[in-house]
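None of these values were measured; they are calculated from a predicted model. Here is the naming used below: chain letters follow the sequence lines, and residue numbers restart at 1 for every chain.
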Protein chains: 2
Amino acid sequence: MFPKLDPLLHSELRLAVMSILVGVDEADFTYLKKQTGATSGNLSVQIDKLMAAGYITVEKGFKGKMPRTTCKITAVGQEAFNKYVESLKEYLSAGK
Amino acid sequence: MFPKLDPLLHSELRLAVMSILVGVDEADFTYLKKQTGATSGNLSVQIDKLMAAGYITVEKGFKGKMPRTTCKITAVGQEAFNKYVESLKEYLSAGK
DNA sequence: TTAATGTAGTTTATATTATAAACTTGTTTA
DNA sequence: TAAACAAGTTTATAATATAAACTACATTAA
């Protein structure tokens, strides 16, 4: 009835990041920062965690002379996201 | 785009408790414990927090000689729950 | 040319939170 | 009457989220 919610996704900022990434081919650090309104530090940490879990890939390159970090969701991440959404539904519909 | 998620509801156990309570007139401690699979300690703490926030009422009585704690959702809690669900939808549908 | 300001992050310190272990109070059973 | 059980609560710990402080380099202003 109440499956365990993936703790990597059950986090405000990481969920926001993943929600953005499912709908887009890729997104860079500054874009994610703007969209989520997060601080750089927080975003950096949460991106690391998603990467460590294999939910996203992170590429560091340059845009001109400026550093640029690009994130993409992986198949594993996509799968985990879907599963999380399904789990959540079970919670929310428990009272019916 | 990404509204703040009510931290009182964005918690696995408290969300489970609230999900049960929205669909039922009242529920007692042991019932909630069985349904959620939580430990007594954890459940006790989380019920306190929901009560402190005014999301539920807690009545302590006896069933025969045994103590019995009964929980009910309040209008405020109902409202907060609905709002939380709406907010979540915004997250999950962000990528569309 | 160098000082100041801005950009794109990372590291680390702190404060909050969730959670379980240990405890309490009383009840039933052996 | 001692042991085991029921229904919780309190407290200690471990995990987490978050922002503040920092690094490295680029651009602009003096």
Show me the side-chain donor-acceptor pairs of residues 41-51 of chain B shorter than 3.5 Å, one per line, residues at least two apart or across chains.
| residue | atom | partner | partner atom | Å |
| --- | --- | --- | --- | --- |
| B/Asn42 | OD1 | B/Gln46 | NE2 | 3.0 |
| B/Gln46 | OE1 | B/Arg14 | NH1 | 2.5 |

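Between A/Glu86 and A/Lys89 a salt bridge is recorded (basic side-chain N to carboxylate O distance below 4.0 Å).
One distance of note links CG of B/Leu9 with OH of A/Tyr91; it measures 13.0 Å at 0.5 Å rounding.
Across the protein-nucleic acid pair, B/Leu43 atom CG and C/dA20 atom P stand 11 Å apart, rounded to whole Å. Rounded to whole angstrom, the span from the CD atom of A/Gln46 across to the C1' atom of D/dA15 amounts to 13 Å. The separation between A/Glu12 atom CD and D/dA17 atom P is 11 Å, rounded to whole Å. The distance from atom NZ of B/Lys34 to atom C1' of D/dA6 is 11 Å, rounded to the nearest whole Å. Between A/Glu59 atom CD and C/dG9 atom P the separation is 13 Å, expressed in whole Å. Atom-to-atom, CG of B/Leu32 to P of D/dT9 comes out at 12 Å; the value is rounded to the nearest Å. Counting to the nearest Å, the C1' atom of D/dA17 and the NE2 atom of B/His10 are 11 Å from each other. When the P atom of D/dT18 is taken as reference, atom CG of A/Leu15 falls 12 Å away, rounded to whole Å.
Residue order along DNA chain D, read from the 5' end via each residue's closest nucleotide, puts B/Gly41 first among B/Gly41 and A/Pro67. Between B/Lys49 and B/Ser40, the residue anchored closer to the 5' end of DNA chain C is B/Lys49, taking for each the nucleotide with the nearest heavy atom. Along DNA chain D, the nucleotide closest to A/Lys65 and the one closest to A/Leu8 are compared, and the more 5′ of them pairs with A/Leu8.
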Yes or no on side-chain contact (heavy atoms from CB on, under 4.5 Å) for A/Leu21 and A/Tyr55, after CA distance, side-chain angles and deciding distance?
CA-CA 10 Å; A/Leu21 292 179; A/Tyr55 286 7; over 6 Å; no

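Aromatic ring pairs are classed by plane angle as parallel below 30°, tilted from 30° to 60° and perpendicular above 60°; the pair A/Tyr84 and A/His10 is tilted.
Contacts of B/Thr30 with the nucleic acid, taken as non-hydrogen atoms under 4.0 Å apart, involve only primed sugar atoms and P, OP1 or OP2. Within the 4.0 angstrom heavy-atom criterion, no nucleotide atom of any strand lies near B/Lys33.
Within the 4.0 Å cut-off from OP1 or OP2 of D/dG8, not a single side-chain nitrogen or oxygen of B/Ser44 is found. The side chain of A/Arg14 contributes an N or O atom lying less than 4.0 Å from OP1 or OP2 of D/dA17. Contact check, A/Lys63 against D/dA26: no side-chain N or O comes under 4.0 Å of OP1 or OP2.
Residue A/Leu13 has its side chain nearest to D/dT18 when only C/dG9, C/dT19, D/dT18 are considered. Counting only heavy atoms from C-beta on, B/Thr39 has its side chain closest to C/dA20 among C/dT12, C/dG9, C/dA20. Checking C/dT7, C/dT27, D/dT10 against the side-chain heavy atoms of B/Met66 singles out C/dT27 as nearest. Picking from C/dT11, D/dT11, C/dA18 the nucleotide with the shortest atom distance to the side chain of A/Val45 gives C/dT11.
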